[in-house]
Amino acid sequence: MIDTFYALATPPGSSALAVVRVSGPAVPSLIQDVFGRKPEEADFRKAVLGYYRSMGGEKVDQVLYAHFPAATSYTGRELLEISLHGNMFLVEQILEDLGCRGCRMADPGEFTRTAFLEGRMDLSQAEAVADLIEARSAAALEAAHRQLAGGLGKEIQSRVDELLAIRAHVEAFIDFPEEDLPDENQEGPIAEIDHTLRQLDSMLSTGRQRELLHRGVRTVLLGVVNAGKSSLLNQLLGEDRAIVSETEGTTRDYLQDVLQLGPYCIQIFDTAGFRKSTDVIELEGLRRTEKVAGGADFLLLVLDGSAPSPTLPDELLERMTPENSLLVWNKSDQADFAPDPEFLPNLPRVTISAKAGTGIHELREIWESRIRSELLEGAENRVLYNRRHIGHLQSCRDSLVRAREALVSGISTECVAPDLRDALDELGAIVGTIDNEDMLDVLFGDFCIGK
Ligand SMILES: Nc1nc2c(c(=O)[nH]1)N(C=O)[C@@H](CNc1ccc(C(=O)N[C@@H](CCC(=O)O)C(=O)O)cc1)CN2
Ligand SMILES: Nc1nc2c(ncn2[C@@H]2O[C@H](COP(=O)(O)OP(=O)(O)OP(=O)(O)O)[C@@H](O)[C@H]2O)c(=O)[nH]1
Ligand SMILES: [Mg+2]
C-alpha cells in the first residue's frame with residue numbers, strides 16, 4: 001500500500017496564502033470527501049474554489065485547490081494542492097484533519113524524492129531543487145536552474161556513452177586476435193580512455209567553482225591598523241556595521257557579513273589590523289586574522305595612501321597573487337594622499353576614500369571582474385558538480401586509470417572489464433541509476449519539509 005502524505009509547502013507563520021500539498025493514491029477520494037465535488041478530468045490542473053470541510057463537517061476555510069493526476073504531477077502520483085489563507089491555526093486544522101483521514105506527514109524532501117523514485121527527474125535534478133531553494137545569489141540560482149533542466153545528466157550520459165564504447169572496443173580486442181584489427185584500433189581504447197580522463201578532470205575542476213557560487217566567495221579585508229578596513233566594510237554594507245575609530249587596534253575579533261557583488265554572493269570578513277603588539281587580546285585577534293586569511297578565496301589589502309607604505313607579514317605577502325588579491329589605496333581625500341606605485345607592483349589596484357565613499361563603485365567593478373575572470377572563469381556556461389558528485393567522479397577516474405594501466409601493461413584485456421564496470425557504476429550513482437536507500441535518506445534529509 002502506497003501512503004498518501006501531506007505537508008505545508010510554504011513557510012509557517014502569517015502570510016497572504018499558505019499552500020498544503022497532499023500526494024498519494026487517496027487524493028481522488030479525499031477531494032470527494034473534503035470538497036464534496038467529484039474529481040473530474042475537466043478540473044485537472046485547474047484552480048477550483050471550494051470550502052475545506054473537516055471530518056466533522058465544519059467549514060475550515062474557503063480555499064482554492066488543484067488536482068494533478070498522477071500522469072502529470074510533480075511527484076508522479078496523484079497530487080492535491082490546497083491554497084488557503086495564510087493563518088497557522090487554519091493550517092494546523094487542515095494538517096490535523098488530513099492526519100485523521102489516514103494521510104501521514106511527509107518526510108523532508110519526500111515530494112521531490114517521490115518525483116525521483118517515480119522517474120520524473122534524475123538525482124542531480126532533485127539536488128538542483130534543493131540548490132534552487134537555498135541559492136544565495138543570482139549566479140547560484142542560474143547554476144541550479146541549469147542543473148534542474150538536466151544539463152548535468154546529459155554530461156554524465158556522454159561519459160557513460162564513451163565508457164560503453166571503450167568497453168565494446170576492449171571486448172573486440174578479446175574476441176579478435178590483434179592482427180585482425182585495423183591499425184587505428186590497436187591504440188584505440190587507450191586513446192579513448194585518455195580523452196574521457198581529460199573530460200573527467202575538467203568536470204572535477206568545477207567543484208571549487210560550485211562552492212564559491214553556492215557558499216559565497218570568502219573575501220577578507222586585511223591591512224595594518226587604521227588603514228580603514230572597518231570603514232570600507234561599512235561602506236560596502238551600506239550600514240554602520242563595525243566600530244570605526246582613530247584608535248589603532250579598534251577591531252579585535254573578526255566580523256563577518258554577506259553582500260551581493262553583481263551576480264555573486266560574498267562572505268566578507270573585517271579583521272584586526274596588523275601591528276607589533278604585546279597585548280594578549282590583540283595578539284589573539286591577530287591570530288584570528290591569520291586564520292581567516294588562511295581560508296580566504298579573495299583578499300582585499302587596504303592601505304592608507306596618505307601614510308608610508310607598511311611592512312606586512314611575510315606569510316601574507318606570499319599568499320597574495322594577482323589572481324586572488326586587490327590593493328585598495330584608501331584615504332584618497334587626504335591632501336597628502338600619494339600611494340607608492342612600486343608597492344607590490346604586480347597586484348591590481350584601486351583608489352578609494354572609505355570615509356567620503358568615493359571609488360567604491362570602481363572597487364566593486366574591479367573586484368567582481370577579478371572574481372569572474374580568476375575564480376569563476378567559465379562557470380556561467382558549465383555544469384558544476386557538488387561534493388557528492390565529485391566523490392563519484394574521482395572514483396570513476398581512479399577505476400579508469402586502473403583500466404588504462406592494465407591495458408598498457410598488456411595484462412589480458414579481460415582484466416580491464418571490472419574496472420570499466422566500476423567506472424560506469426560510479427557515473428550511474430551520480431544521476432541515481434543505482435538506488436541505495438541510505439544514500440537517498442541522507443540526500444533528501446537535508447531538504448525542507450514540503451519540498
Ligand atoms: N503550485 C505549484 N507551483 C510550483 C510547483 C508546484 O509543485 N506547485 N513547483 C514544484 O516544485 C515548481 C514548478 N515545477 C513543476 C515541475 C513539474 C510539474 C509537473 O506537474 N510536471 C508534469 C506535467 C508537465 C506538463 O504538463 O508540462 C510532468 O512532468 O509530467 C509541476 C511543477 C514551482 N512552482
Ligand atoms: N581621511 C580619511 N580617513 C579615513 C578614511 N577611511 C578611514 N579613515 C579613518 O581612519 C581611522 C581608522 O579607520 P578604521 O576603519 O577604524 O580602520 P581599521 O583599518 O578598521 O583599523 P583597525 O580596526 O584598528 O585595524 C578612522 O579615524 C577613520 O575615520 C578615508 O578614506 N579618509
Ligand atoms: Mg577595524
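For the numbers below, each heavy atom of this structure counts, side chains included, while hydrogens, waters and symmetry mates do not. Counting starts at 1 for both ligands and their atoms, in listed order.
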Heteroatom N/O/S of Thr251 within less than 2.8 Å of the Mg ion (ligand 3):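 So Thr251 does bind the Mg ion (ligand 3) by this criterion.
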
Does the shortest distance from the Mg ion (ligand 3) to an N/O/S atom of Ser230 fall below 2.8 Å?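 Under 2.8 Å: Ser230 contacts the Mg ion (ligand 3) through an N, O or S atom.
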
In the protein, which heavy atom is nearest to [atom], and how far is it?
atom: atom 14 (P) of ligand 2; result: Ser231 OG, 3.7 Å
atom: atom 25 (O) of ligand 2; result: Lys229 NZ, 2.8 Å
atom: atom 7 (O) of ligand 1; result: Arg21 NH1, 2.8 Å
atom: atom 17 (C) of ligand 1; result: Tyr74 CD1, 4.2 Å
atom: atom 28 (C) of ligand 2; result: Val244 CG1, 3.7 Å
atom: atom 25 (C) of ligand 1; result: Arg45 NH2, 3.9 Å
atom: atom 3 (N) of ligand 2; result: Lys355 CD, 3.6 Å

4.0 Å protein heavy-atom contact status of [atom], strictly under:
atom: atom 13 (C) of ligand 1; result: no
atom: atom 33 (C) of ligand 1; result: no
atom: atom 5 (C) of ligand 1; result: no

Just distances here: any N/O of [X] and N/O of ligand 2 closer than 3.5 Å?
X: Ser353; result: yes
X: Gly228; result: yes
X: Ile352; result: no
X: Ala227; result: yes

Asn330 contact mode with ligand 2 (heavy-atom cut-off under 4.0 Å):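 Just the side chain.
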
Looking at [X], I want to see if its [atom1] is surrounded by more than 12 non-hydrogen atoms of other residues, nucleotides or ligands under 6.0 Å.
X: Glu96; atom1: CD; result: no
X: Gln157; atom1: CD; result: yes
X: Glu282; atom1: CD; result: yes
X: Glu41; atom1: CD; result: no
X: Tyr254; atom1: OH; result: no
X: Ile243; atom1: CD1; result: no

Would Arg21 count as a cation-pi partner of Phe111, with NZ or CZ less than 6.0 Å from the six-membered ring centre and within 45° of the ring normal?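 Yes, a cation-pi geometry holds between Arg21 and Phe111.
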
Any donor-acceptor pair under 3.5 Å linking the side-chain atoms of Asp122 with those of Ser124?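 Checked: Ser124/Asp122 side chains pair up, N/O donor to acceptor below 3.5 Å.
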
Which of the numbered atoms in ligand 2 are below 4.0 angstrom from a heavy atom of [X]?
X: Gly273; result: 25 (O)
X: Gly249; result: 24 (O)
X: Ser230; result: 15 (O), 18 (P), 20 (O)
X: Asp333; result: 1 (N), 2 (C), 30 (C), 31 (O), 32 (N)

Nearest heavy atom to [atom]: which of [options] does it belong to?
atom: atom 12 (C) of ligand 2; options: Asn226, Asn234, Thr271; value: Asn226
atom: atom 9 (C) of ligand 2; options: Gln334, Glu246, Lys331; value: Lys331
atom: atom 21 (N) of ligand 1; options: Ala9, Pro69, Ser73; value: Ser73

Numbering as shown, the atoms of ligand 1 that approach [X] to under 4.0 Å (heavy-atom distance):
X: Glu81; result: 1 (N), 2 (C), 6 (C), 7 (O), 8 (N)
X: Lys451; result: 10 (C), 11 (O)
X: Arg120; result: 28 (C), 29 (O), 30 (O)

Between [X] and [Y] (side chain of the first, backbone of the second, donor and acceptor by atom type, cut-off under 3.5 Å), is there such a pair?
X: Thr250; Y: Glu246; answer: no
X: Thr10; Y: Val19; answer: yes
X: His389; Y: Asn386; answer: yes

Can you tell me which residue among [options] is in a side chain to side chain contact (heavy atoms under 4.5 Å, CB included) with [X]?
X: Phe444; options: Leu440, Asp441, Asp446; result: Leu440
X: Leu375; options: Arg370, Gln209, Arg208, Glu323; result: Arg208
X: Ile268; options: Val220, Leu232, Leu233; result: Leu233

Looking only at heavy atoms, what is the nearest atom pair of Ser245 and Asn226, with distance?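 The answer is O-OD1, 3.4 Å.
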
Nearest heavy-atom neighbours spanning Ala106 and Phe5: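 Looks like CB-CD1, 3.6 Å.
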
Check for me whether Ser245 has a heavy atom closer than 4.0 Å to any atom of ligand 2.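 Yes.
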
Ion pair present between Arg287 and Glu290, side-chain N to carboxylate O less than 4.0 angstrom?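 Answer for the salt bridge query: no.
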
Is Ala71 near ligand 1, meaning one of its heavy atoms is under 4.0 Å from it?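 Heavy atoms of Ala71 do come under 4.0 Å of ligand 1.
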
